[in-house]
Amino acid sequence: MKILIVDDSESSRLLLERLLNNAGYGGVEMADSAAAAFQKLGMDGSSAPSTEIDLILLDIVMPEMDGIEACGKIKAVDSLRDVPVIMVTAKKDDGNLQRAFDMGAIDYITKPVNKVELLARVRSVLKLKNEMDRRMEVTRHLEAANHQLQLLSALDGLTGIANRRHFDQTFDKEWRRGLRDEFPLSLILTDIDSFKAYNDNYGHQAGDVCLKRVADAISAALKRPGDLVARYGGEEFVVVLPETDKNNAAILAEDIRKKVAAQKIPHGFSKAAEVVTLSLGVATAIPSRSHKPAGLIEAADKALYQAKHEGRNQVRVSH
Amino acid sequence: MGLTQNEKIIVRVDSDIQDLIPDFLKMRRDDIKSIQSALLKNDLRTIEILGHSMKGSGGGYGFDRISEIGGVLEIAAKNDNKEGIKKQTADLSNYLDRVEVVFE
C-alpha cells in the first residue's frame, strides 16, 4: 500500500509518516507542496509515476496552491480519478470542506491528528478501494467471458440473427441433406446498397441501427421454419432456403427487396435511391457430389454482382 | 492556575514517536528565531504560515499548548498585531524552557 502525504509542514509530514509506518503501512511517500505531489503522481509529464499510489492524504492550507485546487487537478486525470483523497484540515473548516468534497475528496481528518482517528479513516478508505478494485476486476472478467460466449454462440451480437459461423454450419448440413433428398437448395445473397456511404455520412451508430432494421425486415419476409437468414459479412446477408426451387426463391428475393425499401430509411448518399435498398443475387442447385457447395455461393455472388452492376436495388437470378 | 514562571510542565507523549520529539522541539526553537527575524522585516506572511503549521502539528505530537499558541500567532499575523505576535513568541519560548516529556 503506497500512501502519499502532501503537507507543507515538515513536522506534520514526519508525524503522519511515523503513525502510518507504525500501523504497518510501509510505502509512505511525501510531498511538501501541490507541485511536488503532481510530480510524484506523474502529472507534470516529466516521467511516469514512480509508484502506484493507493491513497492521498492532502493538507488543505498550503502556500501557493491549496489542497482543494490540488484535489481538483488530481481527480481530473483519468488514471488518478479513482485514487481516494482524504483531506487534512484544521477544525471548524466547513466551508472549505464542502468544496473539497465537491472536488472529489472522499473523507477528511482534522489537525492536529489523532492517531486512532487517522488509522481508522485510512483503514476504512483503503478497504473500500480494495473492494472497488476487486469488483472492477470481476467486471472485466465477465466482459471477456461474455465476448467469448458471443463468438462461440450462433447469433450475431448486433442484429440478433444467425452469425456467419451458424450459416456455414447450416448450409453444410442442408447441402448434405439435399444430397440424400435431391431437393433443390436455394441461396439469396444480398448486400445493402452504398452502405459505406451511409456509415461515413450518418455515423456508425446510425449504421448499426440500419443493419438491425434490414435484418429484421429480411427475417419478417421468411415463411418457413427451415428458412434461415444470417449475417454473412459487414453489410451482407444470406438466406438459406432448403427445398426451394429457383422461381420461388426469386419471388421471395423480390419480396425482401420490396420490404426493405418499404422501411423508407432515408439515405441521401445512395447511388440507387433516396432510401436504403438491397441488391440481391439468387442461385439454386440440386446438391450433387459432382459439385462443391461453395459453387452455389459463388453463383449467388455472381448474380449479386450483376444486380449491383445493373443499377442496384434489384434481384438477379443465376442461370 | 497557580503555575509559577519556572515550574516544570509535564507532557505525556506516546513512545511510538519518541525519537521524533527532540527534532520537533528544536524546530520550534528555530521557529522562534524565524519569527523574530520576520518581524524585523515586517514579513507577516511567514509568521502566519509558521503559526498555522505549529497549530496543525503541536497537538499531534502531544503538545496541545503549542497548537494553541500557533493558532493565536496565525490570527495575530493575519491582523498585523505585532504585540500579539511578540507575546505568543515569548509564551512559546517560556513553554519550551519548562516542558518535560514523559514517554508512555
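In this text the structure is predicted, and so the values were computed from the model without any measurement. First the proteins, then the strands, lettered A, B, ... as listed; each starts at 1.
Within the 4.5 angstrom heavy-atom criterion, no atom of A:Asn114 approaches chain B. Using a 4.5 Å cut-off between heavy atoms, B:Ile17 contacts chain A through both its backbone and its side chain. Heavy atoms of B:Asp14 lying under 4.5 Å from chain A belong exclusively to its side chain.
A pairwise comparison of heavy atoms in A:Pro112 and B:Gly60 identifies CB-N, 3.2 Å as the closest pair. B:His52 and A:Val61 make their closest contact through NE2-CB, 3.3 Å (heavy atoms, listed as atom of the first residue, atom of the second, distance). Between A:Leu15 and B:Tyr61, the shortest heavy-atom distance links the atoms N-OH, 3.4 Å.
Environment of CD in A:Gln205: sparse, with no more than 12 heavy atoms of neighbouring residues, nucleotides or ligands closer than 6.0 Å. For A:Glu64, the CD atom is loosely surrounded, since the number of other residues' heavy atoms within 6.0 Å does not exceed 12. Around atom NZ of B:Lys82, more than 12 heavy atoms belonging to other residues, nucleotides or ligands sit under 6.0 Å away. Applying the 6.0 Å contact sphere to OH of A:Tyr202 captures more than 12 heavy atoms from other residues, nucleotides or ligands.
Atom CG of A:Asn22 is separated from atom CG of B:Asp16 by 4.5 Å, given to the nearest 0.5 angstrom. A distance of 11.0 Å separates OG in B:Ser57 from CZ in A:Arg13, rounded to the nearest 0.5 Å.
Counting heavy atoms from C-beta outward, A:Asp8 and B:Ile49 have side chains that approach closer than 4.5 Å.
Here A:Ser11 is the residue among A:Ser9, A:Ser11, A:Ser12 with the most heavy-atom pairs under 4.5 Å with chain B.
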